[in-house]
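Report on the following structure.
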2 protein chains.
Amino acid sequence: MHSKEIFNIVKARRESLNVTQETLAQLSGVALRTLKQFESGKGNPTLQTLQKLGDALGLEVTVIIKNRGINA
Amino acid sequence: MHSKEIFNIVKARRESLNVTQETLAQLSGVALRTLKQFESGKGNPTLQTLQKLGDALGLEVTVIIKNRGINA
DNA sequence: ATATAAAGTGCAGTGAAAAGCACTTTTTAA
DNA sequence: TTAAAAAGTGCTTTTCACTGCACTTTATAT
């Protein structure tokens, strides 16, 4: 999952919940300026920032093993 | 998934592949000092750093929707 | 058409992530 | 037991994420 895909998921989720960037910024504790950056495809968020947004949106940041068929 | 869980997965994966921190640092392009921080439970990596480690270890950073039973 | 709300952008300051270096501690083999 | 390898830690510098502010552009009504 590339950065931009992740940004798109955050944006899509926010929109599907009918929440403005400003409201999400308040709910998540992430600055509006920062959120705008991500939704316009730029930036390199810290894990903490991603998790704040995730918490507010009902999303979870996970790390999974690729190639489940081949590896254990 | 909390930060420390993610760190633990990275560490466990590295160990299961029998790779040293030093080798992983070289393979991933993440500095040894930075990697050491994470594996000792500290720090707040950027998405890019997490993805570099993930790429080297066959792990993927994803964002998923919580409560799959309740939400669409 | 035109207010109003929402989203996008440039610039600058602050703090923290990333990294290098030197050193200590722990683990692993011989 | 004791070298050697691997992992952990303190200190420092450099880079950049995060943020605020001011402004522009684009949607969304009325």
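Residue numbering restarts at 1 for every chain, and letters A, B, ... go by the order of the sequence lines.
- Summarising the geometry, atom NZ belonging to A/Lys52 is positioned 7.5 Å from atom OG1 belonging to A/Thr46; distances are rounded to the nearest 0.5 Å.
- Atom CG of B/Leu53 is separated from atom CG of B/Leu59 by 9.0 Å, given to the nearest 0.5 angstrom.
- Using a 4.5 Å cut-off between side-chain heavy atoms of Ile, Leu, Val, Met, Phe, Trp and Tyr, with links allowed through other members, B/Leu17 and A/Ile64 fall into different hydrophobic clusters.
- Atom pair B/Lys52:NZ and C/dA17:P shows a separation of 16 Å (rounding to whole Å applied).
- Within a 6.0 Å sphere centred on CD of A/Glu22, heavy atoms belonging to other residues, nucleotides or ligands number 12 at most.
- Between the NZ atom of A/Lys11 and the P atom of C/dA6 there is a distance of 15 Å, given to the nearest Å.
- At a threshold of 4.5 Å between side-chain heavy atoms, the hydrophobic network of Ile, Leu, Val, Met, Phe, Trp and Tyr places B/Ile9 and B/Phe7 in one connected group.
- Every side chain to side chain contact (heavy atoms under 4.5 Å, CB included) that A/Ile6 has, sequence neighbours left out, goes to A/Met1, A/Leu50, B/Leu47, B/Gln51, B/Val61, B/Val63.
- The shortest non-hydrogen separation linking B/Ala25 to B/Ala31 is CB-C, 4.2 Å.
- Using a 4.5 Å heavy-atom threshold, the side chains of A/Asp55 and B/Lys66 count as touching.
- Here the shortest heavy-atom pairing between A/Phe38 and A/Pro45 reads CZ-CB, 3.4 Å.
- A/Thr23 is linked by a side chain to side chain contact (heavy atoms under 4.5 Å, CB included) to A/Val19, A/Thr20, A/Leu27, counting only residues two or more places apart in sequence or in another chain.
- With rounding to whole Å, B/Leu47 atom CG is found 15 Å from C/dA17 atom P.
- Here B/Gln26 contributes atom CD and B/Gln21 contributes atom CD; the two are 12.5 Å apart, rounded to the nearest 0.5 Å.
- Clustering ILVMFWY residues whenever any of their side-chain heavy atoms sit less than 4.5 angstrom apart, transitively, puts A/Leu32 in a cluster other than the one holding A/Val30.
- Mapping heavy-atom proximity under 4.0 Å, the span of DNA chain D touched by chain A runs 5' to 3' from D/dA17 to D/dC21.
- Near DNA chain D, meaning a heavy atom under 4.0 Å from it, residues 25-38 of chain B has B/Arg33, B/Lys36 in order of number.
- The structure places NZ of A/Lys11 at 8.0 Å from OG of A/Ser40, a figure rounded to the nearest 0.5 Å.
- DNA chain D is contacted by A/Asn44, A/Pro45, A/Thr46 of residues 39-46 of chain A, taking any non-hydrogen atom closer than 4.0 Å.
- If you take CG of A/Leu24 and P of C/dA6, they are 13 Å apart, rounded to a whole angstrom.
- For the helix from C/dA1-D/dT30 to C/dA30-D/dT1, the angle separating the two terminal helix axes comes to 60°, with each axis derived from five pairs and the value rounded to 10°.
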